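Input: a single structure, listed below in structure tokens.
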Amino acid sequence: MAKQVEQPEWARIAEAFEASGQTQREFALARGVRLSTLQSWVYRARRATLSRAEPVRLLPVQVAASPEATECLLEVVVASGARVRFAVGTDVAYVARLVAALGR
């Protein structure tokens, strides 16, 4: 039979659970508390914490059109310091062969 727990104690138990790192099932078994009772206490404690939190403040935003995309270039720097710039979509095998040739 589960023991009766007064409100201040249930709040401490819910807080101890949050700090324990255990699952609710593990914690309830270790404390001799029914799982559903622990779940109720944790739910109430979390809800009370949320009600004390500062309300979220939303700020107005204005969506602006993005500027026209310019051609995007990628760059590979070889160990020797040589740089190879190429457009997005260039054949990767071609770039790999070019970088390998520059590395010789």
Side-chain angles (χ1 to χ4, degrees):
M1 179 167 192
K3 58 182 175 180
Q4 292 292 334
V5 180
E6 57 195 44
Q7 187 166 355
E9 188 177 346
W10 74 255
R12 286 191 300 274
I13 292 174
E15 187 177 309
F17 161 72
E18 295 288 7
S20 73
Q22 294 177 305
T23 65
Q24 289 180 346
R25 184 176 309 280
E26 292 167 345
F27 188 86
L29 284 171
R31 290 287 181 118
V33 177
R34 289 181 49 192
L35 176 60
S36 61
T37 302
L38 175 65
Q39 289 170 333
S40 172
W41 292 343
V42 169
Y43 171 77
R44 281 191 261 166
R46 288 177 180 171
R47 194 174 70 203
T49 301
L50 289 176
S51 67
R52 288 186 300 241
E54 266 189 52
V56 175
R57 217 173 56 127
L58 300 177
L59 300 174
V61 297
Q62 184 176 15
V63 178
S66 62
E68 289 297 316
T70 58
E71 185 178 354
C72 185
L73 295 177
L74 299 175
E75 181 177 82
V76 175
V77 180
V78 185
S80 66
R83 296 173 186 270
V84 178
R85 292 190 182 121
F86 53 95
V88 172
T90 302
D91 180 33
V92 176
Y94 167 74
V95 175
R97 286 191 310 271
L98 182 58
V99 168
L102 289 171
R104 290 185 204 143

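Atoms considered below: every heavy atom in the structure, side chains included; atoms not considered: hydrogens, waters and symmetry mates. Everything quoted here is computed from the prediction, not taken from an experiment.
- Heavy atoms from other residues, nucleotides or ligands lying under 6.0 Å from CD of E15 number 12 at most.
- L35 approaches A28 most closely through the heavy-atom pair CA-CB, 3.9 Å.
- Grouping the Ile, Leu, Val, Met, Phe, Trp and Tyr side chains by contacts below 4.5 angstrom, directly or via other members, places L29 apart from L38.
- In terms of heavy-atom proximity, V42 sits nearest to Q24 at CG1-NE2, 4.0 Å.
- Criterion: ILVMFWY side-chain heavy atoms under 4.5 Å apart, direct or through other members. Under it, V76 and V88 are part of a common hydrophobic cluster.
- Using a 4.5 Å cut-off on side-chain heavy atoms (C-beta onward), F86 and L98 make no contact.
- Between R97 and Y94 the shortest side-chain heavy-atom distance falls below 4.5 Å.
- There is a path of hydrophobic side-chain contacts, each under 4.5 Å, that joins L102 to L74.
- Contact detail for W10 and A45: the closest heavy-atom pair is CZ3-N, 4.1 Å.
- Residue V92 is not grouped with residue V84 when hydrophobic side chains (ILVMFWY) are merged at heavy-atom distances under 4.5 angstrom, including chains of intermediate members.
- Smallest separation of non-hydrogen atoms from R31 and A16: NH2-CB, 3.6 Å.
- The CZ atom of F17 lies 9.0 Å from the CD atom of E26; values are rounded to the nearest 0.5 Å.
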